[in-house]
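To find a chain, count down the sequence lines: A is the first, B the second, and so on, and within it residues start at 1. What's counted below: heavy atoms across the whole structure, side chains too, no hydrogens, waters or symmetry copies.
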Protein chains: 2
Amino acid sequence: MDTSSNEFLRGTLKTIVLKLLAEQPATGEAKSRPGRMYGYEITQAVKERTKGEITLSFGALYPVLHKLEQEGLLITETEEVDGRLRKYYSLTPTGNKAAEQKVSDFERFMEAMRTLLLTPPQLATGH
Amino acid sequence: MDTSSNEFLRGTLKTIVLKLLAEQPATGEAKSRPGRMYGYEITQAVKERTKGEITLSFGALYPVLHKLEQEGLLITETEEVDGRLRKYYSLTPTGNKAAEQKVSDFERFMEAMRTLLLTPPQLATGH
DNA sequence: AATTATATGTAAGATTCCGATATATGCAAC
DNA sequence: GTTGCATATATCGGAATCTTACATATAATT
């Protein structure tokens with residue numbers, strides 16, 4: 001019964017990941033790198049912030065992360081935490097720009113969708 | 001160099017088509033069926049109303065139209081106009097409900113995306 | 001005569017995503 | 001003490017979706 005959501009998710013996954021990383025500004029403390037997140041953390045953050053409306057599957061997330069890394073938008077640091085390996089992802093400068101670009105692209109797209117889906121038909125008369 | 005848009009279009013095509021047909025309420029005149037549109041007309045309408053921001057390709061549109069027809073959401077009427085065959089699509093009652101459902105699903109999705117992409121990271125204590 | 005706009009459609013291929021599966025640790029319950 | 005759950009990363013097969021290019025055809029314009 002996963003309601004809708006996943007259907008529209010197509011094409012927005014990269015944007016979500018990039019934006020999440022972009023808005024993690026050095027959580028203070030001893031962490032030197034800004035915007036570090038690991039895969040599992042990303043899925044949890046998305047689930048929590050959207051109140052379960054959007055859920056990222058691992059089968060979709062990890063390939064995207066790997067691809068973004070290949071494209072030079074992310075860099076990884078593997079650390080051992082509690083005896084387990086954890087892989088942190090953070091944005092490169094290029095990735096940061098890509099994040100901003102993607103978000104603004106998506107805003108434009110949403111605006112266009114609004115004119116399609118939420119415009120009453122009578123406004124279509126342009127004279 | 002296709003400017004963004006198309007990237008996010010994934011998964012929204014059906015919604016767009018259903019909504020366009022749903023909001024065409026018997027354009028008056030002699031037309032008996034409400035919401036009749038043909039494929040080419042749909043692409044033009046989307047292009048015009050989004051000022052070129054969103055462009056549907058025929059290779060994507062026609063398969064979607066055929067599938068929606070198979071699913072019983074659309075019915076077709078083929079007529080000859082100016083010596084050419086033209087295929088009109090209109091919503092069935094089921095298709096009408098599907099249109100409303102899809103649009104409201106998409107609104108929920110957009111709301112979720114807003115909380116992800118447009119939420120200021122003020123929680124991160126900007127000391 | 002050639003091009004553009006109109007009009008519908010198919011086929012090959014790439015991309016993207018989901019679900020299942022595999023592996024492995026820490027912890028709480030029982 | 002082992003079963004199950006949360007944490008954690010990752011791959012694979014398959015399905016769905018979209019793009020590009022192609023095929024066909026008429027009417028109007030140049």
Side-chain angles (χ1 to χ4, degrees), chain A residues 1-18 36-48 52 54-71 74-90 102 106 109, chain B residues 1-18 36-48 52 54-71 74-89 102 106 109 113:
Chain A
M1 295 300 175
D2 53 285
T3 57
S4 63
S5 65
N6 302 48
E7 178 182 358
F8 301 113
L9 201 57
R10 313 191 132 270
T12 63
L13 226 164
K14 276 187 191 176
T15 306
I16 290 173
V17 170
L18 289 173
R36 276 188 4 172
M37 287 184 98
Y38 51 98
Y40 188 81
E41 188 182 10
I42 292 174
T43 64
Q44 299 307 303
V46 169
K47 196 193 288 179
E48 280 167 33
I54 295 179
T55 310
L56 305 189
S57 68
F58 299 116
L61 177 64
Y62 286 115
V64 162
L65 286 172
H66 300 334
K67 193 170 187 194
L68 290 175
E69 191 186 357
Q70 279 181 351
E71 291 170 359
L74 303 181
I75 52 167
T76 60
E77 306 165 274
T78 305
E79 288 180 20
E80 196 179 314
V81 179
D82 293 323
R84 270 169 294 183
L85 285 182
R86 186 180 286 175
K87 208 164 169 181
Y88 286 99
Y89 298 87
S90 53
K102 288 265 185 195
F106 188 74
F109 173 73
Chain B
M1 288 353 128
D2 52 285
T3 58
S4 62
S5 67
N6 301 48
E7 178 181 357
F8 301 113
L9 201 57
R10 312 190 134 271
T12 63
L13 225 164
K14 277 186 188 175
T15 306
I16 290 172
V17 170
L18 289 173
R36 275 188 6 170
M37 288 184 97
Y38 52 99
Y40 188 82
E41 188 183 11
I42 292 174
T43 64
Q44 298 306 303
V46 169
K47 198 194 289 180
E48 279 167 31
I54 295 179
T55 310
L56 306 188
S57 67
F58 298 116
L61 178 64
Y62 285 115
V64 162
L65 285 173
H66 300 333
K67 193 170 188 193
L68 291 175
E69 190 186 359
Q70 279 181 350
E71 291 171 359
L74 302 181
I75 51 167
T76 61
E77 305 164 276
T78 305
E79 287 179 21
E80 197 181 313
V81 179
D82 293 325
R84 270 169 293 181
L85 286 182
R86 186 180 286 175
K87 208 165 171 182
Y88 285 99
Y89 297 87
K102 288 265 185 196
F106 188 74
F109 174 74
M113 284 300 284

5'-most by nearest nucleotide on DNA chain C - A:D82 or A:A60 | A:A60
Pick the nucleotide of DNA chain C nearest each of B:L85 and A:G11; which residue has the one closer to the 5' end?
-> B:L85
Rounded to the Å, how far apart are [X] [atom1] and [N] [atom2]?
| X | N | atom1 | atom2 | answer |
| --- | --- | --- | --- | --- |
| B:E41 | C:dT8 | CD | C1' | 14 Å |
| B:E79 | D:dT26 | CD | C1' | 17 Å |
| B:E7 | C:dC17 | CD | P | 9 Å |
| A:F58 | D:dT7 | CZ | P | 9 Å |
| A:Q70 | C:dT16 | CD | P | 12 Å |
| B:K67 | D:dA15 | NZ | P | 12 Å |
| B:R86 | D:dA27 | CZ | P | 13 Å |
| A:K87 | D:dA8 | NZ | P | 15 Å |

For the side chain of A:R10, starting at C-beta, report the closest nucleotide among D:dT9, D:dA16, C:dA5.
-> D:dA16
Have a look at A:G59 and say if it touches a base, only the backbone sugar-phosphate, or nothing, with a 4.0 Å heavy-atom cut-off.
-> base
Please evaluate the base of D:dT7 for a donor-acceptor partner in the side chain of A:R84 within a cut-off of under 3.5 Å?
-> yes
Does [X] make a side-chain N or O approach to OP1 or OP2 of [N] shorter than 4.0 Å?
| X | N | answer |
| --- | --- | --- |
| B:S57 | D:dT19 | yes |
| A:Y38 | D:dA8 | yes |
| B:H66 | C:dT10 | yes |

Would you call A:L9 and A:I16 a side-chain contact if the rule is heavy atoms closer than 4.5 Å?
-> yes
Considering only NZ, NE, NH1 and NH2 on the basic side and carboxylate oxygens on the acidic side, decide whether A:K102 and B:E7 come within less than 4.0 Å.
-> yes
Residue of the set A:R84, A:R36, A:R86, A:K87 for which side-chain hydrogen bond (donor to acceptor under 3.5 Å, both in side chains) holds with A:E79 = A:R36
Can you label the angle between the B:F106 ring and the A:F8 ring as parallel, tilted or perpendicular, going by 30° and 60°?
-> perpendicular
Separation between CD1 of A:I54 and OG1 of A:T12, rounded to the nearest 0.5 Å | 6.5 Å
